[in-house]
Amino acid sequence: MSVDPYMRGRMKDVKSYTPPWQIGQPLDGGAIGEVIESRVDGIGAGDLVVHPLGWREIALLNARQAQKITAPPGVPESAFLGVLGMPGLTAYVGLLDIAELRDDDIVFVSGAAGAVGSLAGQIAKRKGHTVIGSAGSAEKVAWITDELGFDAAFNYRDGKVSTLLREAAPDGIDVYFENVGGEHFEAAIRALRTRGRAALCGAISSYNDDSPAPFQLMQAIGKRLTLRGFIVSDHNDRRQAFIDEVGPWVAEGHVKFRETIVDGGVEAAPQAFIDLLRGANVGKMLVRF
Ligand code: NDP
């Protein structure tokens with residue numbers, strides 16, 4: 001089962017692009033399940049499906065809620081919750097369609113050691129761009145530079161983001177893939193060059209912040225304002241192109257990914273979710289049932 005940052009928003013009883021969870025009702029979210037019984041042609045007992053009814057051990061699904069999956073050789077099925085799933089599509093659409101990546105763009109990705117950011121940076125690298133990343137620990141910075149091939153990266157806890165970004169990208173940036181918000185956003189806006197573009201994907205630094213911030217970045221994301229906020233579920237028409245392009249890179253090892261898997265099923269899931277918001281994950285945070 002996947003735990004995702006957007007779930008924090010579903011714990012606030014406010015109008016949003018996805019409805020809040022209700023007290024007394026089961027939670028939901030992305031998961032992979034093994035089919036026990038099926039009345040649908042093409043899906044049978046033993047098949048694995050991605051579905052939206054996580055946070056439980058047994059689910060009853062409509063056919064349209066279940067997407068049968070077969071992982072490429074050497075790739076675990078769990079990749080369909082991460083690099084080949086919703087976070088992967090988010091990286092692909094955000095970079096190519098929302099930020100409209102162009103030749104010679106210098107790209108800055110925040111949250112770069114997470115599920116979305118680690119792929120966004122690698123796609124930009126595959127397409128020949130200079131890529132800078134930020135993450136919250138030295139280990140994460142080492143992973144994205146040494147293994148994923150980012151040209152430069154910094155630990156945002158080491159100083160002022162604007163200073164660290166200027167050192168990592170002395171010529172400025174053309175594209176900002178925004179996952180964090182707050183100080184990162186302000187630094188990136190300052191670093192963006194003329195006609196630069198920002199794909200507003202997330203603002204995780206504010207998700208636990210109930211005080212009204214002067215600039216409500218999440219509003220721009222949820223409401224798809226002209227800063228080019230976006231919500232991945234509007235872009236399912238791009239799923240096939242994404243799988244066709246990124247799938248082989250993953251299968252051939254050109255795109256690398258990591259998963260942080262917590263054992264213990266639904267009892268362990270709340271703590272896994274809290275740990276995700278604290279940055280305990282490298283790559284995709286998952287819970288094994
Ligand atoms: P990640 O795998 O990146 O996990 C979350 C990471 O956020 C943590 O590991 C932590 O890493 C970082 N983080 C937590 N608090 C802070 C903070 N205060 N400042 C900076 N970084 C922080 O999650 P995802 O890849 O799934 O999601 C990344 C972003 O994309 C989120 O903002 C999410 O909401 C957004 N998103 C948006 C979608 C859309 O449709 N618009 C769809 C999917 C995701 P670290 O150690 O580096 O701090």
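Since this is a predicted model, take the numbers as computed values, not measurements. Hydrogens, waters and symmetry mates play no part in the numbers below; they use all other heavy atoms, side chains included.
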**OP:** May I ask you to check whether Ser134 and His184 show a side-chain donor-acceptor distance below 3.5 Å?
**Re:** yes
**OP:** For the residue pair Phe242 and Tyr92, categorise the inter-ring angle as parallel (less than 30°), tilted (30 to 60°) or perpendicular (more than 60°).
**Re:** tilted
Subject >> Min side-chain heavy-atom separation Thr130-Val107 under 4.5 Å >> reply: no
**OP:** Among Ile106, Val175, Ile173, find the residue that satisfies the side-chain contact (heavy atoms from CB on, under 4.5 Å) test when tested with Leu192.
**Re:** Ile173
Original post:
Atom CH2 of Trp55 and atom CG of Asp28: how far apart are they, to the nearest 0.5 Å?
Top reply: 10.0 Å
Original post:
Can Asp171 and Arg193 be counted as an ion pair, charged N to O under 4.0 angstrom?
Top reply: no
Original post:
Is a side-chain donor or acceptor of Lys140 paired with a backbone partner of Asn155 at a separation under 3.5 angstrom?
Top reply: no
Original post:
Between CG of Asp13 and CD1 of Ile23, what distance do you get to the nearest 0.5 Å?
Top reply: 7.5 Å
Subject >> Leu81 vs Ile32 side-chain heavy atoms within contact, under 4.5 Å >> reply: yes
Subject >> Value rounded to 0.5 Å, distance of OG in Ser110 from CD1 in Ile132 >> reply: 12.5 Å
Original post:
Is there side-chain contact between Pro76 and Phe257, with at least one heavy-atom pair below 4.5 Å?
Top reply: yes
Original post:
Side chains of Arg10 and Thr18: closer than 4.5 Å at any heavy-atom pair?
Top reply: yes
Original post:
What do you reckon, is CG of Asp104 surrounded by more than 12 foreign heavy atoms closer than 6.0 Å?
Top reply: no
Original post:
Looking at Arg278 and Asp275, does any basic side-chain N land under 4.0 Å from a carboxylate oxygen?
Top reply: yes
Original post:
Has the side chain of Thr260 got a donor or acceptor atom that lies under 3.5 Å from a matching backbone atom of Val282?
Top reply: yes
Subject >> Lys12 atom NZ, over 12 foreign heavy atoms within 6.0 Å >> reply: yes
Original post:
Taking side chain as C-beta onward, heavy atoms only, is Leu101 less than 4.5 Å from Lys127?
Top reply: yes
Subject >> Asp174/Arg197 ion pair, N-O < 4.0 Å >> reply: no
**OP:** Output yes when a side-chain donor or acceptor of Gln122 lies under 3.5 Å from a complementary backbone atom of Lys125, and no otherwise.
**Re:** no
Original post:
Would you call Glu139 and Arg258 a salt bridge, taking side-chain N to carboxylate O under 4.0 Å as the test?
Top reply: yes
Original post:
Is the count of non-hydrogen atoms from other residues, nucleotides or ligands lying under 6.0 Å from Asp263 atom CG greater than 12?
Top reply: yes
Subject >> Pair Arg126 + Glu245, salt bridge at N-O below 4.0 Å >> reply: no
Subject >> Residue pair Ala63 / Val40: nearest heavy atoms and the distance that separates them >> reply: CB-CG2, 3.7 Å
Subject >> SB check Arg228 Glu100 (cutoff 4.0 Å) >> reply: yes
**OP:** Flag the pair Arg8 and Asp209 as a salt bridge only when some basic side-chain nitrogen lies within less than 4.0 angstrom of an acidic carboxylate oxygen.
**Re:** no
**OP:** Evaluate the ring planes of His235 and Phe230, with Trp represented by its six-membered ring, and classify them as parallel (under 30°), tilted (30 to 60°) or perpendicular (over 60°).
**Re:** perpendicular
